[in-house]
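For reference, the structure discussed in these notes is given below.
Labels below follow one simple rule: chain letters A, B, ... track the order of the sequence lines, proteins then strands, and each chain is numbered from 1.
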There are 2 protein chains.
Amino acid sequence: MSHTLGIRQAQKQKTRQALLDAALGLLEEQSLSSLGLREVTRAVGIAPTAFYRHFRSTADLGVELVEAALGSLHPMIESTVSDAGDSDERITRAVDLIARHVDAYPAHVRFIARERHGGVQPVREAIRRQLARFAEEVKVALAEHPESAGWSDEDLLMLAGLYVDQMLMTASQFLEAQEGGAEERDRVARMATQRLRLISIGRHHWKD
Amino acid sequence: MSHTLGIRQAQKQKTRQALLDAALGLLEEQSLSSLGLREVTRAVGIAPTAFYRHFRSTADLGVELVEAALGSLHPMIESTVSDAGDSDERITRAVDLIARHVDAYPAHVRFIARERHGGVQPVREAIRRQLARFAEEVKVALAEHPESAGWSDEDLLMLAGLYVDQMLMTASQFLEAQEGGAEERDRVARMATQRLRLISIGRHHWKD
DNA sequence: AATTCCAGAGAACAGTTGTTAACTGCATGG
DNA sequence: CCATGCAGTTAACAACTGTTCTCTGGAATT
(Lines give C-alpha, C1' and ligand atoms only; values in the text may rest on other atoms or scores of the structure.)
Protein backbone atom coordinates (compact mmCIF):
# COMPACT_ATOMS: atom_id res chain seq x y z
CA MET A 1 0.00 0.00 0.00
CA SER A 2 2.80 2.46 0.83
CA HIS A 3 4.64 3.19 -2.36
CA THR A 4 8.35 2.44 -2.17
CA LEU A 5 9.68 5.80 -1.00
CA GLY A 6 12.61 5.98 -3.48
CA ILE A 7 16.30 5.34 -2.94
CA ARG A 8 16.85 8.98 -2.10
CA GLN A 9 14.44 9.47 0.78
CA ALA A 10 15.26 6.03 2.08
CA GLN A 11 18.93 6.94 2.47
CA LYS A 12 18.02 10.21 4.10
CA GLN A 13 15.86 8.54 6.70
CA LYS A 14 18.61 6.00 7.27
CA THR A 15 21.30 8.55 8.16
CA ARG A 16 18.71 10.51 10.07
CA GLN A 17 18.00 7.50 12.21
CA ALA A 18 21.74 6.94 12.55
CA LEU A 19 22.07 10.46 13.92
CA LEU A 20 19.31 9.87 16.43
CA ASP A 21 20.83 6.57 17.53
CA ALA A 22 24.32 8.01 17.83
CA ALA A 23 23.03 10.92 19.87
CA LEU A 24 21.16 8.60 22.20
CA GLY A 25 24.35 6.63 22.69
CA LEU A 26 26.46 9.68 23.42
CA LEU A 27 23.85 10.92 25.88
CA GLU A 28 24.50 8.01 28.19
CA GLU A 29 27.36 9.88 29.80
CA GLN A 30 26.41 13.53 29.34
CA SER A 31 23.36 15.73 29.00
CA LEU A 32 21.82 17.20 25.90
CA SER A 33 22.98 20.72 26.65
CA SER A 34 26.59 19.59 26.28
CA LEU A 35 26.04 17.41 23.22
CA GLY A 36 27.92 18.82 20.25
CA LEU A 37 26.74 18.68 16.69
CA ARG A 38 30.17 17.64 15.46
CA GLU A 39 30.34 14.94 18.09
CA VAL A 40 27.22 13.34 16.68
CA THR A 41 28.23 13.54 13.04
CA ARG A 42 31.66 12.14 13.88
CA ALA A 43 30.02 9.15 15.52
CA VAL A 44 27.90 8.56 12.42
CA GLY A 45 30.74 9.14 9.99
CA ILE A 46 29.38 12.07 8.00
CA ALA A 47 30.52 15.66 7.59
CA PRO A 48 29.45 18.11 10.31
CA THR A 49 27.61 20.25 7.81
CA ALA A 50 25.38 17.39 6.77
CA PHE A 51 23.77 17.61 10.19
CA TYR A 52 21.80 20.64 9.05
CA ARG A 53 20.08 18.58 6.35
CA HIS A 54 18.21 16.81 9.15
CA PHE A 55 18.05 19.06 12.19
CA ARG A 56 18.30 22.76 12.87
CA SER A 57 20.24 22.17 16.09
CA THR A 58 20.93 19.58 18.75
CA ALA A 59 17.94 20.92 20.68
CA ASP A 60 15.83 20.10 17.64
CA LEU A 61 17.25 16.60 17.59
CA GLY A 62 16.42 16.33 21.27
CA VAL A 63 12.78 17.12 20.68
CA GLU A 64 12.58 14.33 18.13
CA LEU A 65 14.24 11.97 20.57
CA VAL A 66 11.42 12.70 22.99
CA GLU A 67 8.90 11.39 20.50
CA ALA A 68 10.94 8.27 19.90
CA ALA A 69 11.58 7.57 23.57
CA LEU A 70 8.07 8.23 24.84
CA GLY A 71 6.59 6.58 21.79
CA SER A 72 8.19 3.30 22.84
CA LEU A 73 6.84 3.84 26.33
CA HIS A 74 3.32 4.50 25.21
CA PRO A 75 2.03 0.97 24.62
CA MET A 76 3.40 -0.04 28.02
CA ILE A 77 1.24 2.46 29.84
CA GLU A 78 -1.92 1.18 28.27
CA SER A 79 -1.29 -2.42 29.14
CA THR A 80 -0.32 -1.39 32.65
CA VAL A 81 -3.54 0.29 33.65
CA SER A 82 -6.33 -0.86 31.42
CA ASP A 83 -5.88 -4.60 31.83
CA ALA A 84 -7.98 -6.50 34.33
CA GLY A 85 -7.05 -8.95 37.09
CA ASP A 86 -6.53 -8.96 40.82
CA SER A 87 -5.15 -5.71 42.21
CA ASP A 88 -1.98 -7.27 43.57
CA GLU A 89 -1.10 -9.26 40.48
CA ARG A 90 -1.85 -6.18 38.38
CA ILE A 91 0.77 -4.33 40.39
CA THR A 92 3.46 -6.99 40.17
CA ARG A 93 2.82 -7.30 36.46
CA ALA A 94 3.19 -3.55 36.03
CA VAL A 95 6.51 -3.51 37.90
CA ASP A 96 7.72 -6.44 35.86
CA LEU A 97 6.71 -4.67 32.68
CA ILE A 98 8.69 -1.61 33.69
CA ALA A 99 11.73 -3.71 34.47
CA ARG A 100 11.55 -5.35 31.06
CA HIS A 101 11.16 -2.02 29.35
CA VAL A 102 14.25 -0.64 31.07
CA ASP A 103 16.21 -3.69 29.95
CA ALA A 104 14.95 -3.32 26.40
CA TYR A 105 15.37 0.46 26.03
CA PRO A 106 17.77 1.71 28.68
CA ALA A 107 18.92 4.67 26.62
CA HIS A 108 15.35 5.86 26.12
CA VAL A 109 14.61 5.71 29.83
CA ARG A 110 17.85 7.47 30.70
CA PHE A 111 17.17 10.20 28.17
CA ILE A 112 13.70 10.98 29.50
CA ALA A 113 14.75 10.91 33.15
CA ARG A 114 17.74 13.13 32.40
CA GLU A 115 16.14 15.68 30.15
CA ARG A 116 12.81 15.96 31.93
CA HIS A 117 14.46 18.53 34.19
CA GLY A 118 17.42 19.12 31.89
CA GLY A 119 18.95 22.31 30.62
CA VAL A 120 17.20 22.53 27.24
CA GLN A 121 13.85 24.25 27.49
CA PRO A 122 12.18 23.01 24.27
CA VAL A 123 13.00 19.44 25.22
CA ARG A 124 11.65 19.88 28.73
CA GLU A 125 8.49 21.30 27.22
CA ALA A 126 8.12 18.38 24.80
CA ILE A 127 8.50 15.85 27.61
CA ARG A 128 6.06 17.74 29.78
CA ARG A 129 3.47 17.77 27.01
CA GLN A 130 3.82 14.07 26.30
CA LEU A 131 3.62 13.13 29.96
CA ALA A 132 0.51 15.28 30.34
CA ARG A 133 -0.97 13.34 27.44
CA PHE A 134 -0.08 10.08 29.18
CA ALA A 135 -1.68 11.24 32.41
CA GLU A 136 -4.81 12.18 30.52
CA GLU A 137 -5.02 8.72 28.98
CA VAL A 138 -4.46 7.04 32.31
CA LYS A 139 -7.16 9.24 33.79
CA VAL A 140 -9.64 8.10 31.16
CA ALA A 141 -8.71 4.48 31.77
CA LEU A 142 -9.08 4.92 35.52
CA ALA A 143 -12.46 6.59 35.12
CA GLU A 144 -13.81 3.35 33.65
CA HIS A 145 -12.88 1.33 36.72
CA PRO A 146 -15.73 0.77 39.17
CA GLU A 147 -13.44 1.89 42.04
CA SER A 148 -13.48 5.40 40.62
CA ALA A 149 -17.13 6.05 41.40
CA GLY A 150 -17.67 9.46 42.95
CA TRP A 151 -14.22 10.71 42.06
CA SER A 152 -13.90 14.28 40.80
CA ASP A 153 -12.16 14.81 37.48
CA GLU A 154 -9.36 16.67 39.19
CA ASP A 155 -8.70 13.92 41.71
CA LEU A 156 -8.66 11.34 38.94
CA LEU A 157 -6.04 13.40 37.14
CA MET A 158 -4.10 13.66 40.39
CA LEU A 159 -4.05 9.90 40.74
CA ALA A 160 -3.13 9.43 37.09
CA GLY A 161 -0.23 11.86 37.43
CA LEU A 162 0.91 10.05 40.54
CA TYR A 163 0.94 6.77 38.62
CA VAL A 164 2.87 8.26 35.70
CA ASP A 165 5.45 9.88 37.95
CA GLN A 166 5.76 6.68 39.92
CA MET A 167 6.34 4.73 36.74
CA LEU A 168 9.12 7.04 35.62
CA MET A 169 10.67 7.04 39.06
CA THR A 170 10.68 3.26 39.14
CA ALA A 171 12.12 3.03 35.65
CA SER A 172 14.93 5.37 36.59
CA GLN A 173 15.64 3.37 39.74
CA PHE A 174 15.81 0.16 37.73
CA LEU A 175 18.27 1.90 35.45
CA GLU A 176 20.50 2.89 38.34
CA ALA A 177 20.30 -0.63 39.72
CA GLN A 178 21.23 -2.10 36.35
CA GLU A 179 24.96 -2.00 37.08
CA GLY A 180 24.39 -3.48 40.54
CA GLY A 181 23.67 -7.13 41.20
CA ALA A 182 20.37 -8.98 40.96
CA GLU A 183 19.62 -8.41 44.63
CA GLU A 184 19.74 -4.68 44.02
CA ARG A 185 17.16 -4.96 41.26
CA ASP A 186 14.99 -7.11 43.48
CA ARG A 187 15.10 -4.45 46.17
CA VAL A 188 13.94 -1.83 43.66
CA ALA A 189 11.17 -4.13 42.46
CA ARG A 190 9.97 -4.76 46.01
CA MET A 191 10.04 -1.07 46.92
CA ALA A 192 8.14 -0.10 43.79
CA THR A 193 5.58 -2.81 44.39
CA GLN A 194 4.96 -1.68 47.94
CA ARG A 195 4.64 1.93 46.83
CA LEU A 196 2.01 0.98 44.31
CA ARG A 197 0.26 -1.12 46.94
CA LEU A 198 0.10 1.82 49.30
CA ILE A 199 -1.24 4.07 46.58
CA SER A 200 -3.81 1.44 45.67
CA ILE A 201 -4.94 1.19 49.30
CA GLY A 202 -5.24 4.94 49.55
CA ARG A 203 -7.26 4.89 46.39
CA HIS A 204 -9.78 2.37 47.72
CA HIS A 205 -10.37 4.36 50.91
CA TRP A 206 -10.44 7.76 49.22
CA LYS A 207 -14.19 8.29 49.58
CA ASP A 208 -14.17 8.15 53.42
CA MET B 1 35.09 31.82 70.21
CA SER B 2 36.08 31.19 66.57
CA HIS B 3 39.36 32.96 66.02
CA THR B 4 39.29 35.50 63.26
CA LEU B 5 40.33 33.33 60.32
CA GLY B 6 42.85 35.82 58.85
CA ILE B 7 42.49 38.13 55.87
CA ARG B 8 43.93 35.53 53.61
CA GLN B 9 41.60 32.59 54.20
CA ALA B 10 38.66 34.97 54.40
CA GLN B 11 39.31 36.24 50.87
CA LYS B 12 39.76 32.70 49.61
CA GLN B 13 36.42 31.59 51.01
CA LYS B 14 34.84 34.73 49.57
CA THR B 15 35.88 34.06 45.99
CA ARG B 16 35.16 30.39 46.50
CA GLN B 17 31.61 31.26 47.46
CA ALA B 18 31.47 33.63 44.50
CA LEU B 19 32.41 30.74 42.22
CA LEU B 20 29.68 28.56 43.70
CA ASP B 21 27.09 31.31 43.37
CA ALA B 22 28.11 32.15 39.81
CA ALA B 23 27.93 28.49 38.83
CA LEU B 24 24.49 28.13 40.38
CA GLY B 25 23.35 31.14 38.39
CA LEU B 26 24.76 29.86 35.12
CA LEU B 27 23.14 26.48 35.72
CA GLU B 28 19.69 27.98 35.46
CA GLU B 29 19.77 27.60 31.71
CA GLN B 30 22.10 24.65 31.17
CA SER B 31 23.26 21.49 32.88
CA LEU B 32 26.43 20.87 34.78
CA SER B 33 27.95 18.70 32.09
CA SER B 34 28.05 21.70 29.75
CA LEU B 35 29.23 24.20 32.34
CA GLY B 36 32.67 25.47 31.44
CA LEU B 37 35.35 26.34 33.92
CA ARG B 38 36.17 29.54 32.03
CA GLU B 39 32.53 30.49 31.94
CA VAL B 40 32.40 30.46 35.71
CA THR B 41 35.61 32.40 36.29
CA ARG B 42 34.53 34.97 33.71
CA ALA B 43 31.30 35.53 35.62
CA VAL B 44 33.22 36.03 38.85
CA GLY B 45 35.88 38.23 37.27
CA ILE B 46 38.99 36.20 37.97
CA ALA B 47 41.48 34.44 35.73
CA PRO B 48 40.53 30.95 34.50
CA THR B 49 43.55 29.40 36.13
CA ALA B 50 42.54 30.64 39.56
CA PHE B 51 39.69 28.15 39.41
CA TYR B 52 42.11 25.34 40.23
CA ARG B 53 42.93 26.96 43.57
CA HIS B 54 39.43 26.00 44.68
CA PHE B 55 38.21 23.03 42.66
CA ARG B 56 39.78 20.26 40.66
CA SER B 57 37.07 20.43 38.01
CA THR B 58 33.51 21.59 37.43
CA ALA B 59 32.33 18.15 38.53
CA ASP B 60 34.10 18.78 41.83
CA LEU B 61 32.33 22.10 42.15
CA GLY B 62 29.07 20.33 41.42
CA VAL B 63 29.56 17.92 44.30
CA GLU B 64 30.04 20.86 46.66
CA LEU B 65 26.92 22.48 45.29
CA VAL B 66 25.02 19.35 46.30
CA GLU B 67 26.02 19.87 49.91
CA ALA B 68 24.97 23.52 49.78
CA ALA B 69 21.65 22.87 48.06
CA LEU B 70 20.59 19.88 50.13
CA GLY B 71 21.95 21.49 53.27
CA SER B 72 19.43 24.31 52.87
CA LEU B 73 16.74 21.71 52.32
CA HIS B 74 17.61 19.69 55.37
CA PRO B 75 15.92 21.71 58.12
CA MET B 76 12.75 21.81 56.06
CA ILE B 77 12.42 18.05 56.03
CA GLU B 78 12.61 17.81 59.79
CA SER B 79 9.93 20.38 60.40
CA THR B 80 7.78 18.73 57.74
CA VAL B 81 7.52 15.31 59.29
CA SER B 82 8.35 15.51 62.96
CA ASP B 83 5.94 18.27 63.94
CA ALA B 84 2.58 17.41 65.44
CA GLY B 85 -0.95 18.53 64.56
CA ASP B 86 -3.94 17.26 62.64
CA SER B 87 -3.06 15.14 59.61
CA ASP B 88 -4.68 17.48 57.11
CA GLU B 89 -3.18 20.66 58.48
CA ARG B 90 0.19 18.94 58.68
CA ILE B 91 -0.08 18.25 54.96
CA THR B 92 -1.10 21.76 53.96
CA ARG B 93 1.67 23.17 56.11
CA ALA B 94 4.20 20.87 54.43
CA VAL B 95 3.09 21.96 50.97
CA ASP B 96 3.23 25.57 52.01
CA LEU B 97 6.70 25.06 53.39
CA ILE B 98 7.85 23.57 50.12
CA ALA B 99 6.39 26.49 48.18
CA ARG B 100 8.22 28.97 50.38
CA HIS B 101 11.45 27.08 50.02
CA VAL B 102 11.19 27.14 46.24
CA ASP B 103 10.62 30.88 46.35
CA ALA B 104 13.59 31.37 48.66
CA TYR B 105 16.08 29.08 46.91
CA PRO B 106 14.89 28.44 43.37
CA ALA B 107 18.40 27.84 42.04
CA HIS B 108 19.06 25.17 44.66
CA VAL B 109 15.87 23.33 43.82
CA ARG B 110 16.54 23.55 40.10
CA PHE B 111 20.06 22.26 40.54
CA ILE B 112 19.01 19.19 42.52
CA ALA B 113 16.13 18.34 40.21
CA ARG B 114 18.34 18.75 37.15
CA GLU B 115 21.43 16.95 38.32
CA ARG B 116 19.74 14.13 40.19
CA HIS B 117 19.56 12.30 36.88
CA GLY B 118 22.12 14.53 35.14
CA GLY B 119 25.15 13.64 33.09
CA VAL B 120 27.82 13.88 35.79
CA GLN B 121 28.20 10.64 37.70
CA PRO B 122 29.92 11.92 40.89
CA VAL B 123 27.21 14.52 41.32
CA ARG B 124 24.44 11.99 40.82
CA GLU B 125 26.11 9.83 43.41
CA ALA B 126 26.39 12.69 45.90
CA ILE B 127 22.71 13.54 45.51
CA ARG B 128 21.72 9.91 45.83
CA ARG B 129 23.69 9.57 49.06
CA GLN B 130 22.22 12.71 50.59
CA LEU B 131 18.68 11.74 49.66
CA ALA B 132 19.21 8.30 51.14
CA ARG B 133 20.30 10.03 54.34
CA PHE B 134 17.14 12.14 54.25
CA ALA B 135 14.97 9.08 53.75
CA GLU B 136 16.68 7.40 56.68
CA GLU B 137 15.95 10.39 58.92
CA VAL B 138 12.34 10.53 57.80
CA LYS B 139 12.07 6.82 58.48
CA VAL B 140 13.26 7.34 62.03
CA ALA B 141 10.82 10.18 62.52
CA LEU B 142 7.97 8.11 61.13
CA ALA B 143 8.83 5.18 63.36
CA GLU B 144 8.04 7.32 66.38
CA HIS B 145 4.50 8.03 65.20
CA PRO B 146 1.85 5.81 66.75
CA GLU B 147 0.42 5.11 63.27
CA SER B 148 3.55 3.18 62.44
CA ALA B 149 2.86 0.33 64.83
CA GLY B 150 3.45 -3.05 63.26
CA TRP B 151 5.33 -1.63 60.26
CA SER B 152 8.40 -3.46 59.05
CA ASP B 153 11.60 -1.49 58.76
CA GLU B 154 11.62 -1.94 55.00
CA ASP B 155 8.08 -0.66 54.60
CA LEU B 156 8.88 2.37 56.74
CA LEU B 157 11.84 3.12 54.49
CA MET B 158 9.58 2.69 51.47
CA LEU B 159 7.15 5.25 52.85
CA ALA B 160 9.97 7.62 53.78
CA GLY B 161 11.41 7.39 50.28
CA LEU B 162 7.97 8.04 48.84
CA TYR B 163 7.69 11.18 50.94
CA VAL B 164 11.14 12.43 49.94
CA ASP B 165 10.52 11.80 46.25
CA GLN B 166 7.14 13.45 46.52
CA MET B 167 8.70 16.47 48.16
CA LEU B 168 11.26 16.86 45.38
CA MET B 169 8.62 16.33 42.73
CA THR B 170 6.41 18.99 44.25
CA ALA B 171 9.31 21.42 44.59
CA SER B 172 10.20 20.95 40.95
CA GLN B 173 6.58 21.49 39.93
CA PHE B 174 6.41 24.70 41.94
CA LEU B 175 9.55 25.80 40.13
CA GLU B 176 8.00 25.16 36.73
CA ALA B 177 4.87 26.99 37.79
CA GLN B 178 6.89 29.95 39.02
CA GLU B 179 6.78 31.70 35.64
CA GLY B 180 3.07 31.03 35.30
CA GLY B 181 0.38 32.92 37.14
CA ALA B 182 -0.87 32.47 40.69
CA GLU B 183 -3.63 30.12 39.57
CA GLU B 184 -0.98 27.77 38.19
CA ARG B 185 0.79 27.66 41.53
CA ASP B 186 -2.51 27.03 43.26
CA ARG B 187 -3.17 24.10 40.99
CA VAL B 188 0.23 22.61 41.86
CA ALA B 189 -0.42 23.16 45.56
CA ARG B 190 -3.83 21.48 45.36
CA MET B 191 -2.47 18.52 43.40
CA ALA B 192 0.41 18.04 45.82
CA THR B 193 -1.92 18.26 48.78
CA GLN B 194 -4.23 15.62 47.36
CA ARG B 195 -1.33 13.34 46.57
CA LEU B 196 -0.12 13.55 50.16
CA ARG B 197 -3.67 12.98 51.38
CA LEU B 198 -3.94 9.81 49.32
CA ILE B 199 -0.61 8.58 50.60
CA SER B 200 -1.67 9.37 54.14
CA ILE B 201 -4.89 7.40 53.69
CA GLY B 202 -2.99 4.47 52.29
CA ARG B 203 -0.68 4.67 55.25
CA HIS B 204 -3.49 4.48 57.79
CA HIS B 205 -5.05 1.42 56.13
CA TRP B 206 -1.75 -0.35 55.48
CA LYS B 207 -2.20 -3.01 58.16
CA ASP B 208 -5.38 -4.50 56.65
C1' DA C 1 17.92 12.30 -22.68
C1' DA C 2 18.35 16.63 -20.56
C1' DT C 3 17.43 19.15 -16.48
C1' DT C 4 16.56 20.05 -11.75
C1' DC C 5 17.17 18.94 -7.03
C1' DC C 6 19.42 17.92 -2.85
C1' DA C 7 22.16 14.86 0.70
C1' DG C 8 26.54 15.15 1.77
C1' DA C 9 31.69 16.84 1.35
C1' DG C 10 35.25 20.17 1.97
C1' DA C 11 37.42 24.25 3.46
C1' DA C 12 37.62 28.08 6.11
C1' DC C 13 35.83 31.47 9.82
C1' DA C 14 36.18 33.34 14.50
C1' DG C 15 35.48 31.65 19.05
C1' DT C 16 35.66 28.72 22.52
C1' DT C 17 37.53 25.20 25.65
C1' DG C 18 40.85 22.77 29.58
C1' DT C 19 45.48 22.72 31.14
C1' DT C 20 50.55 23.81 31.51
C1' DA C 21 54.05 26.91 33.02
C1' DA C 22 56.30 30.70 35.07
C1' DC C 23 55.20 35.00 37.25
C1' DT C 24 53.70 38.63 41.01
C1' DG C 25 52.28 40.66 45.16
C1' DC C 26 50.78 40.34 49.62
C1' DA C 27 49.45 38.11 54.12
C1' DT C 28 51.48 35.01 57.16
C1' DG C 29 54.66 32.70 60.64
C1' DG C 30 59.38 32.42 62.49
C1' DC D 1 62.08 42.10 59.60
C1' DC D 2 62.76 38.74 56.65
C1' DA D 3 61.51 34.34 54.41
C1' DT D 4 57.99 31.38 53.13
C1' DG D 5 53.33 30.29 51.33
C1' DC D 6 49.83 30.78 48.28
C1' DA D 7 45.61 33.26 45.80
C1' DG D 8 45.47 35.10 41.64
C1' DT D 9 47.70 36.70 36.93
C1' DT D 10 49.55 36.42 32.33
C1' DA D 11 50.76 33.92 28.17
C1' DA D 12 50.58 30.29 25.37
C1' DC D 13 49.25 25.44 23.74
C1' DA D 14 46.49 22.31 20.91
C1' DA D 15 42.06 20.98 20.32
C1' DC D 16 37.56 21.77 19.93
C1' DT D 17 33.03 24.22 18.77
C1' DG D 18 28.78 26.09 15.49
C1' DT D 19 28.06 28.15 11.12
C1' DT D 20 28.69 30.00 6.30
C1' DC D 21 29.77 29.27 1.54
C1' DT D 22 30.94 26.66 -2.41
C1' DC D 23 31.04 22.46 -4.66
C1' DT D 24 29.80 17.50 -6.34
C1' DG D 25 27.58 13.34 -7.64
C1' DG D 26 23.71 10.87 -8.37
C1' DA D 27 18.68 10.28 -7.88
C1' DA D 28 14.33 12.42 -9.35
C1' DT D 29 11.60 14.80 -12.56
C1' DT D 30 10.23 16.29 -17.07
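As a whole-Å value, the separation of B/Gln11 CD from C/dG25 C1' is 14 Å. For the pair B/Arg8 CZ and C/dC26 P, the computed distance is 11 Å after rounding to whole Å. Between the P atom of D/dC16 and the CD atom of A/Glu39 lies a distance of 11 Å, rounded to the nearest Å. Protein atom CD1 of A/Ile7 is 12 Å distant from nucleotide atom P of D/dT29, rounded to whole Å. Between A/Gln30 atom CD and D/dC16 atom C1' the separation is 14 Å, expressed in whole Å. Rounding to whole angstrom units, CD1 of residue A/Ile46 and C1' of D/dG25 are separated by 17 Å. The distance between atom CZ of A/Arg38 and atom P of C/dT17, rounded to the nearest whole Å, is 16 Å. Protein atom NZ of B/Lys12 is 14 Å distant from nucleotide atom C1' of C/dT28, rounded to whole Å.
When each of B/Asp21, B/Leu19, B/Leu20 is paired with B/Val44, the side-chain contact (heavy atoms from CB on, under 4.5 Å) condition holds for B/Leu19 and for no other.
The two residues B/Phe55 and B/Arg16 come nearest to each other via the heavy atoms CE2-NH1, 3.9 Å. When all heavy atoms of A/Ser31 and B/Gly119 are compared, the pair lying nearest together is OG-N, 3.7 Å.
Ion pairing between a basic and an acidic side chain is recognised when a charged N comes within 4.0 Å of a carboxylate O; A/Arg42 and A/Glu39 show no such pairing.
Heavy-atom nearest nucleotides on DNA chain D were determined for A/Leu35 and for B/Thr15, and the one closer to the 5' end corresponds to B/Thr15.
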The test is side chain to side chain contact (heavy atoms under 4.5 Å, CB included); show your working for A/Gln194 and B/Leu159 and say whether it passes. CA-CA 9 Å; A/Gln194 295 294 73; B/Leu159 181 61; over 6 Å; no

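Residue A/Arg16 is classed as having no contact, given no heavy-atom separation below 4.0 Å to the nucleic acid.
The side chain of A/Leu37 lies closest to D/dG18 when the candidates are C/dT17, D/dT9, D/dG18.
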Validation: residues 164-173 of chain B side-chain donor-acceptor distances under 3.5 Å, sequence neighbours left out:
{"from": "B/Asp165", "atom 1": "OD1", "to": "B/Arg116", "atom 2": "NH1", "distance (Å)": "3.4"}
{"from": "B/Asp165", "atom 1": "OD1", "to": "B/Arg116", "atom 2": "NH2", "distance (Å)": "2.9"}
{"from": "B/Asp165", "atom 1": "OD2", "to": "A/Arg195", "atom 2": "NH1", "distance (Å)": "3.0"}
{"from": "B/Asp165", "atom 1": "OD2", "to": "A/Arg195", "atom 2": "NH2", "distance (Å)": "2.9"}
{"from": "B/Thr170", "atom 1": "OG1", "to": "B/Gln166", "atom 2": "O", "distance (Å)": "2.8"}
{"from": "B/Ser172", "atom 1": "OG", "to": "A/His117", "atom 2": "ND1", "distance (Å)": "3.3"}

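Note: B/His54 NE2 to B/Asp60 CG = 12.5 Å, rounded to the nearest 0.5 Å.
Contacts between residues 48-66 of chain A and DNA chain D, defined by a heavy-atom separation under 4.0 Å, are made by A/Thr49, A/Tyr52.
Contact check, B/Arg42 against C/dT17: a side-chain N or O comes under 4.0 Å of OP1 or OP2.
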